[in-house]
Amino acid sequence: MSVVVIPCFQRADFLEVCLDHIVKADEYEKHKYLFCLDYGFNPEIIKIINKYPLTAGVIKTPNHSLGIGKQSHNVLTGLLTACEHSDDVIYYIEDDVFIGKDFFTFTADVVRKEDVYCCIASKSQRSEGNEVEDENCYLVKENTNDYQGIGVCFNVEQFMKYTAKHC
């Protein structure tokens, strides 16, 4: 079974839309989900997670004084934990990523068939305030400091070989 790592901090509203897309994705039920809650997370995050039919675990990052780099610590801890519990690939989906229906199957197929380190998927729709009729698009409005992150599928063996030693 694969593991999906989702780091969370303050944006419960984004997480809810993210999870809405996940449960519409092909084969979403075949994965375990690991939510990595960074120190100082919004408690609403837990309520959102509990609304969804996911096999999930939660890591709460303890108090720390890392300042800059604290999110990297949270993400890398989650990815290493996922590697320990996956027998296939691991996915990384930021809480502001709204994946497409074929995200899990497409990215995993690329990683498995091509024996690559990872497959990165991102879809962003810029608009001048016009409505977008594609439910898989994420509307980014100008000058709101809003953005969409990336979704990644990692080859566990290569992640452990090339990245784990730097964590």
Side-chain angles (χ1 to χ4, degrees), residues 1-9 11-38 45 48-49 51-59 61 69-127 132-140 146-167:
M1 186 172 273
S2 300
V3 178
V4 179
V5 175
I6 304 174
C8 307
F9 182 54
R11 302 180 304 179
D13 54 338
F14 278 93
L15 178 62
E16 188 163 22
V17 177
C18 173
L19 295 178
D20 283 344
H21 279 75
I22 285 174
V23 299
K24 292 177 187 172
D26 298 333
E27 300 184 2
Y28 84 90
E29 71 284 349
K30 291 186 175 185
H31 312 294
K32 298 176 197 167
Y33 293 82
L34 181 61
F35 294 89
C36 300
L37 309 182
D38 209 349
I45 296 286
I48 298 299
I49 293 168
K51 288 173 52 176
Y52 291 86
L54 305 172
T55 303
V58 175
I59 296 176
T61 302
K70 75 180 185 105
Q71 180 162 346
S72 295
H73 172 75
N74 187 38
V75 168
L76 290 172
T77 298
L79 290 170
L80 285 173
T81 302
C83 285
E84 294 169 10
H85 297 282
S86 176
D87 59 4
D88 189 19
V89 297
I90 58 173
Y91 299 93
Y92 170 74
I93 302 175
E94 294 181 359
D95 61 357
D96 65 344
V97 173
F98 310 142
I99 64 169
K101 185 168 174 40
D102 67 346
F103 172 80
F104 293 119
T105 54
F106 174 79
T107 58
D109 283 349
V110 169
V111 169
R112 289 181 196 120
K113 288 178 184 172
E114 301 299 328
D115 192 31
V116 295
Y117 175 72
C118 70
C119 179
I120 300 171
S122 180
K123 184 175 183 182
S124 182
Q125 178 70 34
R126 289 216 171 262
S127 173
V132 177
E133 295 189 22
D134 181 349
E135 68 179 28
N136 291 314
C137 285
Y138 171 53
L139 179 62
V140 180
D146 215 356
Y147 63 94
Q148 181 182 13
I150 58 175
V152 183
C153 178
F154 289 100
N155 175 311
V156 171
E157 183 179 314
Q158 292 200 30
F159 183 88
M160 293 304 292
K161 180 178 178 181
Y162 296 112
T163 306
K165 62 186 174 187
H166 301 290
C167 295

Atom CD of E157: over 12 foreign heavy atoms under 6.0 Å: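 Result for CD/E157: open.
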Counting only heavy atoms from other residues, nucleotides and ligands, does the tally under 6.0 Å from OH of Y52 exceed 12?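 Above 12, so yes.
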Restricting to side chain to side chain contact (heavy atoms under 4.5 Å, CB included), what partner residues turn up for C153, sequence neighbours left out?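 Partners of C153 under the side chain to side chain contact (heavy atoms under 4.5 Å, CB included) test: V89, Y91, T107, A108, V111.
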Do you know which two heavy atoms are closest between [X] and [Y], and how far apart they sit?
X: F9; Y: I45; answer: O-CG1, 3.9 Å
X: V116; Y: N155; answer: O-CB, 3.2 Å
X: M160; Y: C83; answer: SD-CB, 3.6 Å
X: S86; Y: S2; answer: OG-CA, 3.6 Å
X: V5; Y: C36; answer: CG1-SG, 3.9 Å
X: A25; Y: G100; answer: CB-O, 4.0 Å

Taking the side chain as every heavy atom from C-beta outward, state whether [X] and [Y] have any pair of such atoms under 4.5 Å apart.
X: V97; Y: I6; answer: no
X: R11; Y: D96; answer: yes
X: V4; Y: L34; answer: no

Should F159 and V152 be marked as a side-chain contact (heavy atoms from CB on, under 4.5 Å) after you check the CA-CA gap, both sets of side-chain angles, and the distance that decides it? CA-CA 12 Å; F159 183 88; V152 183; over 6 Å; no
Interatomic spacing from [atom1] in [X] to [atom2] in [Y] - rounded to 0.5 Å:
X: E94; Y: I99; atom1: CD; atom2: CD1; result: 13.5 Å
X: T163; Y: L79; atom1: OG1; atom2: CG; result: 8.5 Å
X: K30; Y: T55; atom1: NZ; atom2: OG1; result: 13.5 Å
X: Y33; Y: I22; atom1: OH; atom2: CD1; result: 5.5 Å
X: H85; Y: L80; atom1: NE2; atom2: CG; result: 11.0 Å
X: F35; Y: D95; atom1: CZ; atom2: CG; result: 10.0 Å

Could you walk me through whether E16 and L19 pass the side-chain contact (heavy atoms from CB on, under 4.5 Å) check? CA-CA 5 Å; E16 188 163 22; L19 295 178; 6.0 Å; no
Partners passing salt bridge (charged side-chain N to carboxylate O under 4.0 Å, His left out) against D102 (at least two apart in sequence or in another chain):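 Testing D102 for salt bridge (charged side-chain N to carboxylate O under 4.0 Å, His left out), a comparison that skips the adjacent residues, returns none.
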Evaluate the side-chain contact (heavy atoms from CB on, under 4.5 Å) criterion for residues L15 and V17: first the C-alpha distance (whole Å), next the side-chain angles of each, then the deciding distance (0.1 Å), finally the verdict. CA-CA 5 Å; L15 178 62; V17 177; over 6 Å; no
Looking only at the aromatic ring of each residue, does the gap between the centers of F154 and Y92 stay below 6.0 angstrom?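 No, the ring of Y92 stays outside the 6.0 Å limit from the ring of F154, centre to centre.
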side-chain contact (heavy atoms from CB on, under 4.5 Å) assessment of D88 paired with M1: CA-CA 6 Å; D88 189 19; M1 186 172 273; over 6 Å; no
